[in-house]
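What you see is a predicted model; the values in this text were computed from it and never measured.
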Amino acid sequence: MRSWALIAAVFAGTTSAEAARIDSVRQLPSGLELRTADGVLLLEPWSDGIVHVRFGPPNYSGNYNPSVIATRGKVHLSVRETPDAYLLSTPRLRLRVDKATSSVSFQDMSGATLLEEAERSIGNGTVAAFRTSPTIYGLGEHQNGLLDYRGTSVHLQQKNGDVAVPFLLSPKGFGILWNNPSIMDVEVGKAGAKYPLVIRNEAGGGIDYDFILGPEPDQVIAGYRWLTGDAPLMPRW
């Protein structure tokens, strides 16, 4: 049985977004690259409502995920700087990157914050914490009888009776496709937890995920299908 206390001790010496002040910024044709003392953050819009987010060492190129078959489309990007943040916008989505912490906030065009990074750690595995609504759906098929995972921890490991799918849906109008095939645990709104959403992976060279804007659930699922491909229909018989 794994001990999270031991894992926490390992992560104690790894990087955290709370101390990851941005040292330099470079605008790329695909998005925005922000360097910190702890690693490199890359934000790449793949469509007006989907952003690929990566954080890791300078040589980190993302986690292997054969499920993602889409390619980045042409997106109109706008980048500007304020005294305390860098702002990246598409026609449907706004991203705010805090200069002091490098944490990313995802906002709709009305300015409402849907999801905000709180902490991130990389090392012998990865941990990412977020501020958002503590109501989360998805994550595959499990035997706990739950639709809303609020107040629980969901273990994602393929085994008999459980189907692990690292995709979650929020009623706030977005989804996250977590690009890491390793064993993971997703903590959602647990009593006494510092943050309402925490994702822990046992392995991985960095943090790699896709943020998918809705706001309707059907639009989120359409974005997920675009990234991973349409599921074939069952035979008519």
Requested in this report: Check for a donor-acceptor pair, side chain of T132 on one end and backbone N or O of L114 on the other, with a separation under 3.5 Å.
Outcome: yes
Query raised in the report: In terms of side-chain heavy atoms, does N65 have a donor or acceptor partner in N179 at a distance below 3.5 Å?
Result: yes
**Report entry** Side-chain H-bond candidate by donor/acceptor type, T36 with D38, under 3.5 Å
**Finding:** no
Report task. Indicate yes or no for a side-chain donor-acceptor contact from Y149 to the backbone of G138 under 3.5 Å, with no hydrogens or angles considered. Result -> yes
Query - Sidechain-backbone polar pair: K99 side chain, T82 backbone, donor-acceptor under 3.5 Å - result: yes
Query raised in the report: Is it true that the side chains of R80 and S89 contain a donor and an acceptor less than 3.5 Å apart?
Result: no
**Report entry** S102 side chain vs A20 backbone, donor-acceptor pair below 3.5 Å
**Finding:** yes
Query - Check: G31 main-chain N/O paired with E44 side-chain donor or acceptor under 3.5 Å - result: no
Query raised in the report: Does any N or O in the side chain of R92 come within less than 3.5 Å of the main-chain N or O of G214, such that one atom is a donor and the other an acceptor?
Result: yes
Query raised in the report: How about H52 and D208: does a side-chain donor come under 3.5 Å of a side-chain acceptor?
Result: yes
Query - Expected output: side-chain N63 to main-chain G206 donor-acceptor under 3.5 Å - result: yes
Report task. Check the pair F211, F130 against ring-ring contact (aromatic ring centres under 6.0 Å, His included), reporting the backbone distance first and the verdict last. Result -> CA-CA 12 Å; F211 176 93; F130 299 88; 9.5 Å; no
**Report entry** Ring geometry between F167 and Y224 (parallel below 30°, tilted from 30 to 60°, perpendicular above 60°)
**Finding:** parallel
Query raised in the report: Does a salt bridge link R96 with D84, judged by any charged N lying under 4.0 Å from a carboxylate O?
Result: yes
Query raised in the report: Between N180 (side chain) and I207 (backbone), is there a donor-acceptor pair under 3.5 Å?
Result: no
Query raised in the report: Between the side chains of R35 and S24, does any donor sit under 3.5 Å from an acceptor?
Result: no
